[in-house]
Structures are given as C-alpha cells and as structure tokens.
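Notes follow the structure.
Chain naming here is simple, since letters A, B, ... match the order of the sequence lines and numbering starts at 1 in each. These values consider heavy atoms only, across backbone and side chains, with no hydrogens, waters or symmetry-generated copies. Not measured: the values here are computed from a predicted model.
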Amino acid sequence: MRKAKRKFTVLLVVLMIASLALAGCAKKTADQVKPASDVIKVGVFEPLTGTNAAGGQMTVEGIKLANKLYPEVLGKKVELVIVDNKSEKQEAANAVQRLVSSDKVNVIIGSYGSSLSMAGGPVAKTAKIPVIGCSPTNPAVTLGNEFYFRVCFIDPFQGTVMSNYATNTLKGKTAAVIRDVQQDYSVGLSNYFVKAFKASNGDASIVADVSYNTGDKDFSAQLTQIKAKNPDIIFAPGNFLECGILVAKARELGIKVPILGGDTWEAPEFLNQVKAYKDIYFSTHFTAEQPVTEVSTTFLNEFKKAYPDKEVNAFGALGFDAYILALDGITRAGTTDGVALQKALAETKGFKGATGVITLDANRDATKTAIIKKVIDGKFVYDSKVEPK
Amino acid sequence: MDKRNGIKNLLTVALLAGTCLLFFWAENNLDNFQLRILNLAAIFAILGLSMNLVIGFTGMFSLGHSGFMCVGAYTAAILTMSPASKELIYYMEPIIPILAHIQWPIFPAILMAGLVAAVFGLLVGFPALRLRDDYLAIATLGFAEIIRIVVTNTISITNGSLGLKDIPSINSIWVYWGSAIITIIILKRIINSSWGYAFMAIRDNEIAAEAMGISIFKHKLLSFTIGAFFAGVAGALMGFIITSIDPTMFRFLFTFQILLIVVLGGMGSLTGTVISAIVITIMMEVLRFVEEPIDLFGILSIPGLPGMRMVIFSIGLLMVILFYRQGLMGTREFNWDWVLSRLGRGKSKERGDSI
C-alpha cells in the first residue's frame, strides 16, 4: 500500500514537471513564430468570466461583428486575438502582457471595467502598443498614459450632463444622492454630479448624500432618510442589480420624484425591476431609435442580422467603435508601428462611429454626444441627446 | 555523519548559486510575459507559504489572508507613490497631509508593509484566536471583509473604491524571487526552531501540547502574526507588479485561490507549496488554449468556452481531495538525505528550494 502511494507521488511529480517542461515548449514555439507580415493582429482583453462577464461579452460581440464587416486594413487581413481577464486585476495585467509579448499584437482593445483597464494600461505603455478602451469611464484610466485612448465619454462629463438635465429639463432645485461606496464608477459619477449641481443651484441644493455597499438588498433606511428631506431629484448611479431593487423600493415607499442614473442601467435586469414605474432617466452612449451617424445605421442592421435574438446595446456599439477606430488609426498612420499609430490615434477628429461623432481631446478621452433615455411602459425610450460643449 | 553534513551544506550553497544563475539566465533570456508569470509565481509562493504556516503547521483554519494582503499592498503603495501622482489620483478628496509628501525607497516600504500587516494580524488575532476550527475560519473571514470595507471608506487615506494607480513598477526577478527565497529561509528556520515544534505540537494535539507546558495562545498568536507579516509583504509585491490596486481585488475569493495552492501542495510542506504555486500560476496561463476554439481534424469543432481553465482546476482539486488528501508532498519536505540516499553520492538533478 505504501509502495503504491509512493509510486503515485512520483507519478504526480513527474506529471507536474512534465507539464512545466511542456509549458516551456509551448511558449518557445509561440516565440519562434514571428508575426506574419500579411496579418495585422488586434488584441482584445475583456472580462468573459467573473463578475463583469456580462459587460465583457456584450463588448466582444460588437468587436466580432466589426471584424466580420471590416476584415482588412492596408490590404492585410485583420486577426482578432481575444483573451479573458476573469474580471481580476492581475489576470488583466497578464492578459495584456501576453498580447504584447507572445501574440505580438499591433493594437489592443479593452476593457469593460475601469480597474481592469488600469491594471492593463502600464504594461501596454511600456511596450508602446496603443490601447483603445470601449467603456472604462473613470478619468484615471487615460491619465498619464499616452498610449491609452477611449471611445466613451468620462464620468465628469456624464455627471455634468445629468446635473444639467436635472436642473434645466426636470426643473429640480434640490437633489439627493445615493451612491455605492464600493464601486469606483458610482462614487466618481456622484462626485461630479454633486459638483455640477451645487454650481448651478447653490451649496444647499444637495439635501441628502447617502451610501450603500455592493450586494445590499435592503435600501429602506437610506430611502426613508431621503424621503424625509423631500428632494426634487434623486441621483443614484450604480450597478443595475442593486439600483433595480433600489428604484423599485423607492417607488413602493411612495417617492414619486424623478430618479436619475448612469449608463450601467441599460440592462434587461434593471428593466425587469422597474417595468411598472416611470420618471426614471439615465445617460448612455447609444440609441437604436435615433441613429446619430450612417455608421450607426450599418451597425444596427448588421447587429440584428448577426445576433437576431439579442437586444442592441451600448457596449456592443462601443466595442464596434473601438475596432473601427483602431483600423482608421492604422490607415491614417499607414503603418502598424506602435508609436506612429499612437500619434495617429491622438489626432482623431470628427471620427464617425456607431455611437456618435468622436473627437479625442488632449487627455485622449472622447468628447461626444450623450444620449438620455427614460423608462416608459416597461421599455427604454430615447428622450433627448446632449451635445458636448 | 560530519562528512555528510558538510556535503549537505555544500549542496545547499551550490543549489542557491545554481538558482541565482537560473535567475540571471531568466532575466536575460525570457520575454516580459514569461518573466511576469514567473514573478507572479513568486508572489503566490510567498502567500502560500505564509498561509501554510498558519493552516498547515499550526493547524488554525484562518481565512483572513486577503485582508492582510490588502493592508500590505496599500501601505507599500502609499509609501512609494510620488507626491505628484498622489495629487492627481486623489481627486475626490485630497490625501491627508502627513502622507502627501512622503516617498520611500522600495525595500523599506516592503518591510513596512509587512510590519503594518503584522500589527493588524496581532490586533485581529488577539480576539479571534480564542476560537477554534470553523469558528475561527468564520471570524477571520469576517475580519478580512472588515479590513476591506474600512479601506473602501477611508477615502482620504486610501482613495476608497477608486483605487490607486501609478505605483512604481518593478520587473526585476531578483526582487520577487529574492523575497520568496528569504521567506523560505526564514520560515524554514522558524519551523525547525522550538517555536516550530510548538506550532506542530499544537496542530497535532492542543491538549497534549498544553500539558507539555506550551503556551497555546502565545504560539498561536505568534504564528498568526508571522503569517500576516508575509501576507503583507506579498501584498506589497502584488502592488508593484500590477502598479494599480483597489479594494475589490482583495475579496475573500482571493483567499481561496491561495488555499488551493496550499491544499494541492500539501498542508504542512513548504516544498509542496512552492512547487504548487509555480505550477498553478504557470498552468493558469498555459491552459488558456482550452478556451480557444478547438478543431479536431475537421470532424468536430468545439467553440471557445471562457472559464474552461477554472473547470480543469476544480476537477484537479476534487481529485486531490477525494483520492490524495495529503496533497502533492503531504508533510514531507525536500531534503538532501533523501536525494543522497536515492542517488548515492552522485550529483543531484532534482531541483527544490528548501534548505
């Protein structure tokens, strides 16, 4: 018996060592294969598993669609290299390192989730490979990293847009803010909303500023507190899951004032919770009802053809835009050299994407139209659009 | 016997020199991706070792590791970031003035990260270690979550959920594996000392150990604090390799990833932990191919399934728990006696990191 066990141990050790050796081989061969000059590689790092998987998958659908429509640039075939970052930071950094060192990609797209983008960013910067973010809205993502670009607007813009909408369109004089302290997205957005709202309505206009944690399911304490202050507007950006419960609960408690949120609300899970209610507004990147450019129309038609059983969504559209912007950059640069491509991308001006006309500013962030949608009769309906200043 | 000890010492020195040569080769010949994975393996080795000291050697089922890592990572990050980037990154609420202008070199910062984590270990251990078994696991898990929530909410120190970025980046294999080897040496010395024997006595039978005059509480607290120290060091290194950190990184799921390494390697074996840390970290990347679309000779094509890697690890863990409960090495260690008796006095080809 003892002997058998020992044999098993030896077998296990040998197996593990063999796997190590094999691992070495696999990498060696990957190194030896130099990037063929007739293929341009576009790396994609997105969360396909883990907590952010839903967003990552929507984005990848958009990128794949764009690749199908525009498979060539500079007369060469474009090859997508998609890697999963598991919604974890160290995996995101590994994934980008793998894309630049082993797969030798020319440009990278990703990632859903600002913290994942921040983990991958420095690696790409060191390797001098440009990255185009689809939906990371935190300003810190491109801050101090000249190789990181993005096709979405950022939190300060989104917060200001919602504040202006609350002040000018909804005629709100006082507001209450409820934020998820664990989500950088929610904290950042609330912060900019508060700043802008105070600027237009005075310091006393924010009557309540309360918080909760990701995963909470009971918001009655916070909402009762808000109800007592009787604000004209409630701003509650955060995950679609918690916010769905929160908004429904607010209506149940008899809070009738408009409730505003951010782009994460555009999810079927959120809609299911708040179907029966109205006066719910949020900003987003894209609408199917009012195509902003001719590219939007193409995207809409092709998306419905490629994924007939899926709803057209903003994340797919942003993935689509990131891909065609990458190709546009390569065309303008005339080469796939990282530094030249970085320069070309930085000069992006009036680029027509599915989500609108994109101009990149000095911080490599997109300035573009924001869409405001509302919930009516159990559907997301286009309300208005806000142009950047 | 004397002669044999001499040979063993010589072999140890040779092994260390050989390892150094290997690192030298690796630094010059491996690409950045391979180096990063190797460095990550070193961090996981340190984490696994420190957890093994607590769980495998002292028999305390503690799940608070990610909390101590979090403390270490934040301490090192705040100490080493440049004042200019602190001003940029803390745009929600400015950082408290005492921390705004300090910038330490890397090594004191790593040491400090360990010390601060050890203080937290002491504070958490003092009340929690009066519990045993499952109760201890639940209490430590709770403490780790508390640490994370506190970090999320002290915005003027940690920048809250926005996290920190622009932490100085280190790519040198010497820093990561150097720390790992120092950890191995220190832990090996501790385990072979009277403390180590006391730890193992407590693990095997608490009542008998107490009857032998071992102060149970003191030794448990000692083991827990040392474990927290090295978890803090690993946290600091994690910050340097990724260059940005945020509180959601240190959820309790992370603790289970380390637990996987400890269980597969063998609870109570430093060698096993190091081997399994290296193998698991490398396999995690190598196994990416199972997630890609597979085409079997044009007959059968399997579409790519994200997450398949984790399924393979889960099956592996299940197999180990069902059929080979003591893990790869059980409580055995790599030692020269074994190698020498196996191979005569010939040159050893086995590699191991234990001394």
Side-chain angles (χ1 to χ4, degrees), chain A residues 5 8-9 12-13 16-17 19-20 22-24 26-27 31 47-51 53 56-57 82-84 86 88-95 97-102 114-115 118-119 121-123 126-127 138-141 143-145 180-188 191 211 213-214, chain B residues 30-37 40 43 85 88-89 91-93 148-149 152-153 155 159-163 165-167 169 171 238 241-249 251 253-254 257 275-276 278-279 282-286 288-289 291-292 304 306-307 309-310 323-324 328-330 332 351:
Chain A
K5 256 189 183 168
F8 189 63
T9 318
L12 214 68
V13 171
M16 281 194 150
I17 291 172
S19 68
L20 264 175
L22 277 175
K27 270 172 204 158
D31 270 355
L48 300 176
T49 52
T51 41
Q57 275 160 0
I82 302 172
V83 287
D84 174 21
K86 265 178 75 193
E88 280 172 21
K89 280 183 88 119
Q90 76 266 24
E91 285 274 333
N94 287 354
Q97 185 76 68
R98 182 191 178 89
L99 287 173
V100 299
S101 309
S102 298
S114 295
S115 71
M118 274 191 258
V123 180
T126 321
N138 186 337
V141 171
L143 197 77
N145 185 346
D180 181 344
V181 279
Q182 289 193 21
Q183 300 289 328
D184 53 344
Y185 165 82
S186 175
V187 173
N191 204 40
S211 59
N213 285 308
T214 310
Chain B
L30 292 181
D31 67 32
N32 283 335
F33 173 62
Q34 290 158 334
L35 269 181
R36 172 180 283 271
I37 300 301
L40 205 60
I43 297 177
S85 50
L88 274 176
I89 288 158
Y91 58 78
M92 290 264 301
E93 258 176 55
R148 199 170 63 81
I149 301 285
T152 309
N153 285 288
I155 298 173
N159 206 19
S161 54
L162 294 168
K165 67 170 238 163
D166 281 347
I167 302 165
S169 156
N171 292 317
M238 195 62 122
I241 199 171
I242 302 180
T243 73
S244 74
I245 50 173
D246 63 67
T248 49
M249 263 173 85
R251 268 174 303 193
L253 280 173
F254 199 88
Q257 213 168 328
I275 295 176
S276 81
I278 298 172
V279 171
I282 293 178
M283 287 309 273
M284 203 73 136
E285 284 303 313
V286 173
R288 269 188 197 277
F289 76 88
E291 295 182 0
E292 282 160 14
R309 283 183 290 167
M310 298 324 289
F323 302 115
Y324 204 64
L328 178 67
M329 296 291 284
R332 286 183 301 262
R351 267 217 65 253

Given heavy-atom pairs under 4.5 angstrom as the criterion, report whether the side chain, backbone, both or neither of E88(A) touches chain B.
side chain
Heavy-atom proximity to chain B below 4.5 Å, by part of A127(A):
neither
Interchain contact, I245(B) with chain A, by part (heavy-atom threshold 4.5 Å)
backbone
N191(A) and Y91(B) have their tightest heavy-atom pair at ND2-O, 4.5 Å
Could you point out which residue of L30(B), L35(B), D31(B) forms a side-chain contact (heavy atoms from CB on, under 4.5 Å) with S101(A)?
D31(B)
Using non-hydrogen atoms only, which part of N153(B) is less than 4.5 Å away from chain A: side chain, backbone, both, or neither?
side chain
Which atom pair, heavy atoms only, marks the closest approach of Q97(A) to F33(B)?
CG-CA, 3.3 Å
Less than 4.5 Å to any heavy atom of chain A: does that hold for the side chain of S169(B), its backbone, both, or neither?
neither
Is it the backbone or the side chain of I43(B) that comes under 4.5 Å from a heavy atom of chain A, or both, or neither?
neither
Between atom NZ of K89(A) and atom CG of D246(B), what is the distance when rounded to the nearest 0.5 Å?
4.0 Å
Just give me the residue among R288(B), R251(B), M249(B) that pairs up with chain A most often, heavy atom to heavy atom, under 4.5 Å.
R288(B)
Nearest 0.5 Å please: distance from the OG1 atom of T49(A) over to the CE atom of M310(B).
8.0 Å
So how far is it from N94(A) CG to L40(B) CG, rounded to the nearest 0.5 Å?
5.5 Å
Minimum heavy-atom distance between V141(A) and K165(B), given as atom pair plus value:
O-NZ, 3.7 Å
Segment of Q257(B) engaging chain A (4.5 angstrom heavy-atom cut-off):
side chain
Roughly how far, to the nearest 0.5 Å, is CG of N145(A) from CG of D166(B)?
8.5 Å
Mind checking whether Q90(A) and M284(B) have side chains closer than 4.5 Å, heavy atoms only?
no
Tell me which of these, T214(A), D184(A), L48(A), N138(A), has more heavy-atom pairs under 4.5 Å with chain B than the rest.
D184(A)
So, for S161(B) and V181(A), which heavy atoms are closest and what is the spacing to 0.1 Å?
OG-O, 3.0 Å
For a quick test of reading the model, state the closest non-hydrogen atom pair linking M118(A) to L162(B) and the distance between them.
CE-O, 4.2 Å
On a heavy-atom basis, the closest approach of T243(B) and P122(A) is OG1-CG, 3.0 Å
